[in-house]
Amino acid sequence: MKKNRKTGLKKIAVYAGSFDPLTNGHLDIIKRAVKLFDGIIVAVVDNPNKKPMFTYGQRMEMISASISKMKTVSVMHFNGLLVYFMKKVGAIVLVRGLREISDFEYEFQMALMNRKLNSSVETVFLMPAEKYTYLSSSVVKEVAGLGGKVKDLVPQHVLAYLQKIKK
Ligand code: ADP
């Protein structure tokens, strides 16, 4: 990883979410973030109250396999406040994806709350390719659960996981 010539510091960004499971939309955001930051930590929220379909371990496994060729991307999990996790790993940039205007209200609220909790955290919003703007983990689970094809919507490793569950 390249260091800043003046400060000697690396710019680490956290891309946080449920990733239940990772979709091609998430992967699109990760690839865009790779171009902007020295290191990206994909942070999987470990919150059982959200009743995820996959355990955080399974979600991390799917992400790990899907990012294995991206040298500057790693995966971790966290619970509790995201800003505490970010402090722990030395990241001041939070990456989130914006698909459409309906994402905005919630994301705006979260960004301002995180800034209130830690004023050095900056939230950066990245937009995916247009073809992913309708894509969400919930849509993938719903379509896959009803026997529909999700091949073009999720990375290969996630597809394999979804197929394993169906059997
Ligand atoms: P959360 O439950 O925290 O919203 P998600 O896993 O649904 O977690 O999403 C994580 C982040 O990725 C959020 O910022 C979300 O807006 C973004 N995201 C989800 N799906 C897409 C997509 N298809 N394209 C771009 N960003 C997305």
Side-chain angles (χ1 to χ4, degrees), residues 1 9-34 36-68 70-99 102-128 132 135-142 144-145 150 153-155 157-162 164-165:
M1 262 184 253
L9 294 173
K10 294 173 199 158
K11 271 258 146 66
I12 307 293
V14 161
Y15 178 36
S18 313
F19 307 107
D20 186 37
L22 182 79
T23 68
N24 284 341
H26 293 130
L27 210 52
D28 178 291
I29 297 293
I30 295 171
K31 286 177 186 162
R32 288 172 200 279
V34 162
L36 299 173
F37 305 104
D38 300 321
I40 319 288
I41 299 171
V42 181
V44 178
V45 65
D46 163 21
N47 178 359
N49 293 337
K50 277 200 163 184
K51 298 214 166 61
M53 175 182 254
F54 299 100
T55 64
Y56 72 82
Q58 291 173 319
R59 284 177 275 150
M60 287 174 76
E61 221 175 289
M62 287 185 264
I63 296 168
S64 234
S66 310
I67 59 164
S68 63
M70 302 180 199
K71 289 195 176 67
T72 56
V73 186
S74 59
V75 58
M76 292 176 83
H77 68 97
F78 74 100
N79 51 35
L81 280 180
L82 177 58
V83 290
Y84 291 168
F85 170 77
M86 289 180 63
K87 196 163 193 177
K88 205 173 72 183
V89 297
I92 53 159
V93 178
L94 171 61
V95 169
R96 295 281 292 176
L98 265 191
R99 284 161 289 188
S102 54
D103 278 340
F104 182 77
E105 209 172 293
Y106 172 73
E107 293 292 345
F108 186 68
Q109 194 181 21
M110 287 304 294
L112 292 182
M113 180 49 78
N114 282 331
R115 179 182 283 170
K116 191 170 170 52
L117 293 167
N118 181 349
S119 58
S120 52
V121 163
E122 288 298 342
T123 305
V124 169
F125 295 103
L126 298 177
M127 285 173 290
Y132 298 132
L135 185 54
S136 68
S137 300
S138 334
V139 163
V140 165
K141 284 182 279 192
E142 203 168 328
V150 290
L153 309 181
V154 294
H157 299 284
V158 175
L159 190 67
Y161 239 95
L162 288 169
K164 230 188 322 183
I165 288 178

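Here the structure is a predicted model, which is why all the values come from computation and not from measurement.
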Please report the closest heavy-atom contact between [X] and [Y], naming both atoms and the distance.
| X | Y | answer |
| --- | --- | --- |
| Ser137 | His26 | OG-CE1, 3.4 Å |
| Ser68 | Ala65 | OG-O, 3.3 Å |
| Ile30 | Val42 | CD1-CG2, 3.8 Å |
| Pro128 | Asp28 | CA-OD1, 3.2 Å |
| Val44 | Ser18 | CG1-O, 4.0 Å |
| Asp103 | Gly97 | OD2-O, 4.2 Å |

**Message:** Parallel, tilted or perpendicular, judged at 30° and 60°: which one describes the rings of Phe19 and Tyr15?
**Reply:** perpendicular
Gap separating the [atom1] atom of [X] from the [atom2] atom of [Y], nearest 0.5 angstrom:
| X | Y | atom1 | atom2 | result |
| --- | --- | --- | --- | --- |
| Ile63 | His77 | CD1 | NE2 | 11.5 Å |
| Ile41 | Met76 | CD1 | CE | 5.5 Å |
| Met70 | Lys31 | CE | NZ | 5.0 Å |
| Leu82 | Met110 | CG | CE | 7.5 Å |
| Asn47 | Tyr56 | CG | OH | 12.5 Å |
| Asp20 | Lys141 | CG | NZ | 3.5 Å |

Any side-chain heavy atom of [X] within less than 4.5 Å of one from [Y]?
| X | Y | value |
| --- | --- | --- |
| Val95 | Leu36 | no |
| Thr23 | Val158 | no |
| Asp38 | Thr72 | no |

message = Phe108 vs Thr123, test: side chain to side chain contact (heavy atoms under 4.5 Å, CB included). Steps then yes/no.
response = CA-CA 9 Å; Phe108 186 68; Thr123 305; over 6 Å; no
Applied to residues 107-128, the salt bridge (charged side-chain N to carboxylate O under 4.0 Å, His left out) test, sequence neighbours excluded, yields Arg96-Glu107, Arg115-Glu122
side-chain contact (heavy atoms from CB on, under 4.5 Å) with Ile40: of Val73, Ile29, Ile67, only one passes, and it is Val73
From the list Ile92, Val14, Ile12, side-chain contact (heavy atoms from CB on, under 4.5 Å) with Met86 holds only for Val14
### Query
Would Val45 and Phe78 satisfy side chain to side chain contact (heavy atoms under 4.5 Å, CB included), going step by step from the backbone distance to the final call?
CA-CA 5 Å; Val45 65; Phe78 74 100; 3.8 Å; yes
Margin query: Using side chain to side chain contact (heavy atoms under 4.5 Å, CB included), reason through Asn24 and Tyr132 one step at a time and then give a plain yes or no.
Written below: CA-CA 7 Å; Asn24 284 341; Tyr132 298 132; 3.5 Å; yes
Practice prompt. Please say whether more than 12 non-hydrogen atoms of neighbouring residues, nucleotides or ligands are located less than 6.0 Å from CE in Met127.
Written response: no
